[in-house]
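Remarks on the structure that follows.
Note: hydrogens, waters and symmetry copies are ignored here, and every other heavy atom, side chains too, is used. Only a predicted model underlies this, so the values are computations on that prediction, with no experimental measurement involved.
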Amino acid sequence: MTKNMYFKTLNAAMRSQKHFISCTTDLLRKVSKHKIVDKQAVSVPACLADNTGPEHLRACIPVSPTVRNETVCYLYRWVDRGMAPSHHVEEPWGWEQLQNFDASVEDIIKSSFLTHRHTYGGESDAFDSLSSAPSLSWGPSAEFITDPTTPGMFSIPVCNTPYNWNGPTHGYSYNDDTNLWSSRKSLPCYCGSLGNETQMVWAAMRLDISGKRREYMTMLCPRQIDNKIKNPLERYVAKCRLGIKKKAGINFMKQDHLCDVLIDELEARGIEEIGQVSKEETEVLMCKVHQKSGGKCSKYRDTPISEAWREAEELRARNDPGEVEEEVEGECEEVGGFEEAVNAEAADAEKSQSTDTQESPEPEAAHAAESITPTAAKEPGVDYRALIKPAPRGGKPPARKPPPIPATTTPGKKAEKAYLVGT
């Protein structure tokens, strides 16, 4: 029980001194650790290869029981002494003495990470009793309540972020006071899914009531966000979560009037990371929030944000006509195949009919010859058999054409009358 009370007292002291833990899956190996953005940094597959923060203040947290060392976490203390430009991160006081009490920096990070996951990750916390001393009398076991990695033993604020904001804690000098891009000034400015935990982390660190809150919100955090976050929609949402708005190049402590509408729409659609929003959807949404009146944004300005998804689909169809053409071609191929089958069937039927006609021409010719009047049949020089067309099987015989007036017939009323009688 004495050890448990020590851990709880240590946790309360660290929380009152603006300690925080920065965790990310963006594992990097920097050449220059002194800048927020190092263009020569390379991604690494293992947590232990990440060198963005102090190694002695690092812990590797498995994302799942089957995947290990994918999340790197660093423990920091935010120092807010003096003027705002001199505020930076430092090591926790007395961290090297933790081993005398059977604890370590890694234990504190793991316990705080699990506490955060149970509290904000939607998972049920079966160990809420550890947050109060009277509950120790009916705790699970002595080993459990004295294990420093137990969820709830430590509850240092944790900033889970998709970007690596980490920096060193040693070597701070006056030159860093004037360096606007120093990695030693990394605040937790973008935490959680699309920044939805930023305000909670600030409240736990009591930054929301700090006398330097304005400088953090309008100067320090916007610089970090603009340097790390390149997607304009994600950058807009990050500043919405902080409660700031940029106008004419200046950041004001006032949230944009469309922030809540846009965030509600994203959450209603279950969007948890910016990768779930397409390029066309980002373009249409940015046109709406910026409310530009000219150019390609004019058609999207006066429609509600909920219409952005339909408008983005139409924009995608215009930008990628190849996909639409492929769909149309696929439909045409189906129709064309059907037409070819019908035509082939008709050709087979006609061929069959022609074959039947060639096999039995005599009955049809006789039937047609019988219908010719004797007068016309006696006309010399006329091949009446050539004038006969075979009738379809089972159908009516074709209409007979009148025979031409023979050239040998003498013109006159008698010949004309004989011709008409023959027809």
So, Asn11 and Ser155: side-chain donor and acceptor under 3.5 Å apart, yes or no?
-> yes
Answer yes if the side chains of His170 and Glu90 hold a donor-acceptor pair under 3.5 Å, and no otherwise.
-> no
Please list, one pair per line, the donor and acceptor atoms closer than 3.5 Å that link side chains of residues 240-250 to other protein atoms, with sequence neighbours excluded.
{"unit_1": "Arg241", "atom_1": "NE", "unit_2": "Leu194", "atom_2": "O", "d": "2.9"}
{"unit_1": "Arg241", "atom_1": "NH2", "unit_2": "Glu267", "atom_2": "OE2", "d": "3.4"}

In terms of side-chain heavy atoms, does Thr303 have a donor or acceptor partner in Lys288 at a distance below 3.5 Å?
-> yes
Look at the rings of Tyr76 and Tyr74 and say which category their plane angle falls in: under 30° parallel, 30 to 60° tilted, over 60° perpendicular.
-> tilted
Any donor and acceptor pair, going by atom type alone, linking the side chain of Lys185 with main-chain N or O of Asp177 inside 3.5 Å?
-> yes
Asn164 and its side chain to side chain donor-acceptor pair (under 3.5 Å) partner, picked from Thr24, Asp26, Thr25, Asp50 | Asp50
Determine, stepwise, if the pair Trp78 / His19 fulfils ring-ring contact (aromatic ring centres under 6.0 Å, His included).
-> CA-CA 6 Å; Trp78 182 252; His19 287 73; over 10 Å; no
Does any donor atom in the side chain of Tyr190 or Glu234 lie under 3.5 Å from an acceptor atom in the other side chain?
-> yes
When you look at Tyr216 and Leu187, which way does the side-chain contact (heavy atoms from CB on, under 4.5 Å) test go after all the steps?
-> CA-CA 8 Å; Tyr216 298 158; Leu187 262 181; 3.7 Å; yes
Using the side-chain contact (heavy atoms from CB on, under 4.5 Å) rule, take Trp202 and Cys221 through it: C-alpha gap first, then chi angles, then the decisive distance, then the call.
-> CA-CA 12 Å; Trp202 278 47; Cys221 280; 3.6 Å; yes
Return the set of residues passing side-chain contact (heavy atoms from CB on, under 4.5 Å) with Thr149 (not counting sequence neighbours), or none when no residue passes.
-> Asp107, Asp147
